[in-house]
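Report on the structure given below.
Residue numbering restarts at 1 for every chain, and letters A, B, ... go by the order of the sequence lines.
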Protein chains: 2
Amino acid sequence: MPDRSETPKVSQPAVRRFSLYYRTLLEAQGAGAVSISSRELAERTGVTGVQVRKDLSLIGSLGKRGLGYPIPALMRELGRILGLDRRWPVVLVGVGSLGTALLNNVRFRRKGFPIVAAFDIDAVKIGVPVGGTPIYHLDLLPHVVRQQEAWIGIITCSADAAQLVCDRMVEAGLQAILTYAPVTLEVPPGVSVRQVDTLVELETLSFVLRPGRELSEDVDRPVG
Amino acid sequence: MPDRSETPKVSQPAVRRFSLYYRTLLEAQGAGAVSISSRELAERTGVTGVQVRKDLSLIGSLGKRGLGYPIPALMRELGRILGLDRRWPVVLVGVGSLGTALLNNVRFRRKGFPIVAAFDIDAVKIGVPVGGTPIYHLDLLPHVVRQQEAWIGIITCSADAAQLVCDRMVEAGLQAILTYAPVTLEVPPGVSVRQVDTLVELETLSFVLRPGRELSEDVDRPVG
DNA sequence: GGCTGTGAAGACCTTCACAGCC
DNA sequence: GGCTGTGAAGGTCTTCACAGCC
């Protein structure tokens, strides 16, 4: 079966690097640059130059030998592959301190991932906007998801409630979930989950620090 | 050269899974279990059974065929490998909303990673403890790091300040840094960096959601 | 029957070496 | 000289198949 898709096969690690490249290109463009070399892209993202070229060769021969890559064309392609050529409304459940921190971050809105609504079950929190985002009762989730055409949900509630919240998100039609709760979520096929867990990160660090390692060496810099 | 170390070579992905196994063992132990099968460990962490057995075989033949793995022995070994057999004091720089959220999380203290001090340069924040943690001026970092014997630092300041804060952490002697700032940090060899970036996670999700993918499929569930 | 342990195979990802273009 | 592009090699991680034990 021929691959009709315009998007080449790109691995999970490559997606993360693409995201870093895109950010760097945005900065370089803001600084007035019109093209950029794989070496500079590499230095500013913490990967090797060959890796950058290999990654970018996947999306076609955009680079000019001796010159580097044209920033506008590269951004257009990367943006298309990452799905950044549109706006992705996001909903958030769990308006605790972490949820509040995310709601106060204007970066997501600026980058095309506006948190359009947040949900909780605490009557005290409902109705009082945080960072300009309205807070609704969790029961309104399906309605708002449909109305706003949201596909992505963020879970910032307690570990105890996370699976229940996840189930309701799936029920409401969300197909991608980013969770900060320290539990493994079960989802039906077709739904993507990403988990951010600070404790796991700290334990990864204590692993490299623990006595017994022969020599300190750089740990790679995955984007977490 | 013979490997005198008691710790087998364990890959980065394996470390993350070990962390998940450890958490699950803790839960199972709390529920009164004394042994656990690879299948159950697998289901509760979202990895495959073979993967669990392969991982655990690295640390010696602790399992009993037909019975599963003895929880206490397994936890002891995993804990030793992850470096959880001691307490790791942590310092944090940047008492904004994200920093505050982390300071209010009691989980880190309970799990052996107490945030013993936080730092900022905003006079309004200095001196007012958050979540029981004292807030000092950034200039005191080296002193507190030495006094508390901290090795791990968390960066929750703005992107602009992150590299400077990172440099001061390294100067103060920290060897492991967990950063939430969306910039690639440069550190000397011997210092480990982990980065958590919500926007990169969201872009990873928009990648799987973008139109053009032939069929929805599960994205693996890496832990942050 | 249920379960662990492990060499071999496979899939995946990165690095190397070098060809090719400006 | 500077830089990109890419097949081949190398390395790492996961899955398979099945042996072995309770």
Side-chain angles (χ1 to χ4, degrees), chain A residues 8-21 24-25 28 33-71 73-74 77-78 204 207 217-223, chain B residues 3 8-21 24-25 28 33-71 73-74 77-78 81 204 207 217-223:
Chain A
K9 204 174 63 182
V10 35
S11 65
Q12 274 282 328
V15 174
R16 311 184 83 82
R17 291 194 299 269
F18 279 3
S19 179
L20 290 183
Y21 300 156
T24 305
L25 290 170
V34 68
S35 78
I36 193 168
S37 70
S38 61
R39 191 176 50 72
E40 182 167 2
L41 215 35
E43 280 172 3
R44 291 175 59 173
T45 53
V47 306
T48 69
V50 198
Q51 183 75 75
V52 172
R53 292 201 297 280
K54 195 71 165 183
D55 284 342
L56 297 187
S57 78
L58 278 185
I59 66 180
S61 301
L62 291 175
K64 302 292 177 212
R65 297 164 199 233
L67 291 171
Y69 298 84
I71 292 182
L74 192 49
E77 275 310 298
L78 282 178
T204 299
F207 169 79
E217 46 181 314
D218 272 273
V219 82
D220 55 336
R221 222 165 293 172
V223 187
Chain B
D3 189 351
K9 203 172 64 181
V10 34
S11 65
Q12 275 281 328
V15 173
R16 309 183 86 82
R17 291 194 301 267
F18 279 4
S19 180
L20 289 183
Y21 300 157
T24 305
L25 291 170
V34 68
S35 79
I36 194 169
S37 70
S38 62
R39 191 177 48 73
E40 182 168 1
L41 216 34
E43 279 172 5
R44 293 174 59 173
T45 53
V47 306
T48 69
V50 199
Q51 183 76 75
V52 172
R53 292 201 298 279
K54 195 71 164 181
D55 283 344
L56 297 187
S57 78
L58 279 184
I59 67 178
S61 301
L62 290 175
K64 302 294 176 210
R65 296 165 200 232
L67 291 173
Y69 298 84
I71 293 182
L74 193 49
E77 275 311 299
L78 282 178
I81 290 174
T204 299
F207 169 79
E217 46 182 315
D218 273 272
V219 82
D220 54 336
R221 224 166 289 172
V223 187

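Side-chain contact annotation: B:S38 with B:R53, donor-acceptor N/O pair under 3.5 Å present.
Atom CD of A:E40 and atom C1' of D:dT4 are 16 Å apart (whole Å). If you take OH of A:Y69 and P of C:dC21, they are 15 Å apart, rounded to a whole angstrom. Between B:I36 atom CD1 and C:dG2 atom C1' there is a gap of 16 Å when expressed in whole angstrom units. Atom CD of B:Q12 and atom P of D:dC13 are 9 Å apart (whole Å). The distance between atom CG of B:D55 and atom C1' of D:dT12, rounded to the nearest whole Å, is 13 Å. Rounded to whole angstrom, the span from the CZ atom of A:F18 across to the C1' atom of C:dC13 amounts to 13 Å. The nearest whole Å value for the distance from the CG atom in B:L62 to the C1' atom in C:dG5 is 12 Å. Spacing between atom NZ of B:K54 and atom C1' of C:dC3 amounts to 16 Å, rounded to whole angstrom units.
Of the side-chain N and O atoms in B:S11, one or more sit less than 4.0 angstrom from OP1 or OP2 of D:dC13. Contact check, A:Q51 against C:dC13: no side-chain N or O comes under 4.0 Å of OP1 or OP2. Residue B:R53 has no polar side-chain atom (N or O) positioned under 4.0 Å from OP1 or OP2 of D:dT15. Within the 4.0 Å cut-off from OP1 or OP2 of C:dT15, at least one side-chain nitrogen or oxygen of A:T48 is found. The phosphate of D:dG1 (OP1 or OP2) has no side-chain N or O of A:R65 nearer than 4.0 angstrom.
The minimum heavy-atom distance linking A:L67 with A:S35 is given by the pair O-OG, 3.8 Å. Nearest heavy-atom pair, B:A14 versus B:D55, reported as atom, atom and distance to 0.1 Å: CB-OD1, 4.3 Å. Heavy atoms only, all atoms of each residue included: A:F207 and B:I81 are closest at CD1-O, 3.2 Å. Summarising the geometry of A:P70 relative to A:G63, their closest heavy-atom pair is CD-CA, 4.4 Å, with the distance given to 0.1 Å. Taking each heavy atom of A:Y69 and A:L62 in turn, the nearest pair found is CD2-C, 4.3 Å.
Among the nucleotides D:dG5, C:dC3, D:dT15, the one closest to any side-chain atom of A:S57 is D:dG5. Relative to the side chain of A:P13, the nucleotides C:dT14, D:dC16, D:dT14 differ in distance, and C:dT14 lies closest. Each of D:dT4, C:dT4, D:dC22 was ranked by its minimum atom distance to the side chain of B:L67; first place goes to D:dC22. Comparing C:dC3, C:dA17, D:dA17 by their closest approach to the side chain of B:V50 singles out D:dA17.
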Checklist entry - Which dot-bracket notation, 5' to 3', represents the base pairing of DNA chain C when pairs are defined as Watson-Crick or G-U with both distances under 3.5 Å, crossing pairs as [ ], and inter-strand pairs as |? => result ||||||||||||||||||||||

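B:L56 contributes atom CG, which lies 5.5 Å from atom CG of B:L74 (distance to the nearest 0.5 angstrom).
Taking the nucleotide of DNA chain C with the nearest heavy atom to each of A:G66 and B:S61, the more 5' of the two is matched to B:S61.
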Item to check | Verdict with supporting geometry, B:R17 and B:V52, side chain to side chain contact (heavy atoms under 4.5 Å, CB included) | outcome: CA-CA 8 Å; B:R17 291 194 301 267; B:V52 172; over 6 Å; no

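Contacts of B:L56 with the nucleic acid, taken as non-hydrogen atoms under 4.0 Å apart, are absent.
For C:dG2, its base never sits under 3.5 Å from the side chain of B:K64 at any donor and acceptor pair.
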